[in-house]
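What follows is a short report on a single structure.
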Amino acid sequence: MIHASSLVLVLAAATAAFATTAPHSAAKLTLSSAPSTPSARRARLTASPAAANDTSEQLFDYFNGTDLQWYGDISLGTPPQKFTVVFDTGSASLEVPGTACGLPCKNQRQFNSSASSTFQDQDFATTITFGTGVGVDPVDGDNWELWLEFVADVLSIGPDFNVPLGGFFLITNQTSTFSPDPFDGILGLSPDGGSLFDSAGYPEIFGMLFTHEDAGGAELTLGGVDTTKFTQPLVYSPIVDDGWQLSSQAIHVNGKSASSLVFNQSLTIIFDSGTSNILFTEDIALAIYKLISPDIVANKDEPGTFGIPCHRIPTLPAVIDITFAGIAGQPAFNLTIPSSELSSGPFKSKPEVCQTLINVSEGFNLVGLSLLKHYYSAWDIAGARIGFSPNGF
Ligand SMILES: *[C@@H]1O[C@H](CO)[C@@H](O)[C@H](O)[C@H]1NC(C)=O
Ligand SMILES: *[C@@H]1O[C@H](CO)[C@@H](O)[C@H](O)[C@H]1NC(C)=O
Ligand SMILES: *[C@@H]1O[C@H](CO)[C@@H](O)[C@H](O)[C@H]1NC(C)=O
Ligand SMILES: *[C@@H]1O[C@H](CO)[C@@H](O)[C@H](O)[C@H]1NC(C)=O
Ligand SMILES: *[C@@H]1O[C@H](CO)[C@@H](O)[C@H](O)[C@H]1NC(C)=O
Ligand SMILES: *[C@@H]1O[C@H](CO)[C@@H](O)[C@H](O)[C@H]1NC(C)=O
Ligand SMILES: *[C@@H]1O[C@H](CO)[C@@H](O)[C@H](O)[C@H]1NC(C)=O
């Protein structure tokens, strides 16, 4: 998820009196996109080795069938109150509903600050607007908005990741577009969050595994990577600009490229675990679709989306190779989105037409779960790089 607002507040450990404010690129953003029925089916529990300075968390599948949105458990306060959150590499702050929200948040757990002995009010209110929401509901102005109160308390993830959190947000009101969410909140894991790991005594790195729901075993590891989850060595690309962005040299579709898909490393792509599909600027999206099929066309009912009759999907190869720079001394490498990701399911308004995985965005490029689902990913804050190893899915 990328905040549409121009200011981003960063998760801050208690050592920093207040969250720092950092200017953010004018990205528009996204809660998620797979147009299928939300469900909260559980991924199978997995045993993973946990050292004293890392901890693994099971993740749960959000959508039924598309495996493109995952969330897990955290606790806040003393004694701990439990919440489910999307672990979102596209944003930088934590938002959960507070009891002040009441009715608009009735489907979600609400943090009761009076019941926590470590709670501190920071006396600051703000709002966040998102550029797109969950599912297929179209964005219309500010119809995805959260009203927030800035507070501080203790955050716990897993058995022993405990940190005093100097700044996060309680949701005091929200637009009704958020009601169907099966999770309570959003935990931003941008590369600005290093101090959080430091104060927990963990190395500044986390690992993520997303899978098919049937395979299970999806997890987040804080403070390390879970080496039981991949076999080939991780290959790394250095992050560039703000946030988790990598620099791309070219895109190939079914082995072919095009002049508008050769970037000489000038293209930066956001890696966002809180978004299901892919967003490219119009020239890039159209060039990719042209190489897949001329029959993929814009769906005027939902601006920015594209589709093709569903019966065509199984006949279309749509292997997308995106080439990324290696770290110093290492060669460039491809990350591959297989043909199985082409369809994100039928449009509600036109069930015979299936939505294809790329939306056109206004001025930024972003890959989400339809790519990340095929790799184990290592988000190395200290090393300013992201590593990938194919996970076999
Ligand atoms: C694509 O557009 C649809 C319709 O507006 C939206 O629901 C979905 O979230 C978008 N996907 C992305 C990745 O932005
Ligand atoms: C803690 O992290 C370091 C790497 O930073 C690692 O070498 C060590 O094995 C980890 N585990 C423990 C129990 O210290
Ligand atoms: C999940 O999807 C399958 C196939 O579309 C359907 O039969 C099943 O009822 C759905 N389950 C839930 C919990 O929505
Ligand atoms: C919040 O906690 C306080 C203290 O435990 C309790 O009196 C109050 O009823 C709780 N409020 C809600 C809305 O649960
Ligand atoms: C909550 O937000 C809605 C808009 O979604 C607004 O109509 C309503 O008045 C707000 N409620 C409060 C208590 O501010
Ligand atoms: C990426 O894949 C394309 C084929 O789709 C290939 O031509 C290119 O050499 C690959 N690049 C790297 C760095 O492996
Ligand atoms: C990439 O670099 C080559 C050689 O320097 C140049 O010919 C080409 O125009 C460049 N393409 C882009 C998209 O900048």
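When a ligand or atom number is given, it counts from 1 through the structure's own listing order. Just so it is clear, the model here is predicted, and its values are computed rather than measured.
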State whether a side-chain donor-acceptor pair under 3.5 Å links Q174 with Q108.
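Yes, because at least one side-chain N or O of Q174 sits under 3.5 Å from a partner of the opposite role on Q108.
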So, D153 versus T118: side-chain donor-acceptor pair below 3.5 Å or not?
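Their side chains do contain a donor-acceptor pair, which is all the 3.5 Å distance test asks for.
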Which atoms of ligand 6 sit under 4.0 Å from any heavy atom of [X]?
{"X": "D321", "result": "2 (O), 4 (C), 5 (O)"}
{"X": "A332", "result": "13 (C)"}
{"X": "N334", "result": "1 (C), 2 (O), 3 (C), 8 (C), 10 (C), 11 (N), 12 (C), 14 (O)"}
{"X": "G255", "result": "4 (C), 5 (O)"}

For the residue pair L220 and F206, establish whether any side-chain heavy-atom pair is separated by less than 4.5 Å.
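Yes. Closest side-chain heavy atoms under 4.5 Å.
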I269 versus L246: any side-chain heavy-atom pair under 4.5 Å?
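Answer no - side chains too far apart.
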Taking all atoms of both residues into account, what is the closest heavy-atom pair of I386 and W379, and its distance?
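That closest heavy-atom pairing would be CD1-CZ3, 3.8 Å.
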Could you pull out all residues at least two apart from D241 that satisfy salt bridge (charged side-chain N to carboxylate O under 4.0 Å, His left out)?
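Here no residue qualifies.
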Partners meeting salt bridge (charged side-chain N to carboxylate O under 4.0 Å, His left out) with D184 (sequence neighbours left out):
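Applying salt bridge (charged side-chain N to carboxylate O under 4.0 Å, His left out) to D184 gives R109.
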Rounded to the nearest 0.5 Å, what's the gap from CD on E341 to OG on S276? Could you check?
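It is 10.0 Å, given to the nearest 0.5 Å.
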Using a 4.0 angstrom limit on heavy atoms, which residues are close to ligand 5?
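Ligand 5 is contacted, at a heavy-atom distance under 4.0 Å, by W147, N173, Q174, T175.
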Just grab all the salt bridge (charged side-chain N to carboxylate O under 4.0 Å, His left out) pairs involving residues 248-259, residues at least two apart or on different chains.
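The answer is none; no pair qualifies.
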In terms of atom number and element, which parts of ligand 4 are under 4.0 angstrom from non-hydrogen atoms of A115?
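Close to A115: 2 (O), 5 (O).
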Polar proximity ligand 4 side, N112 side, N/O cut 3.5 Å exclusive
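Looking only at distances, the answer is yes, because the N/O contact criterion of under 3.5 Å is met.
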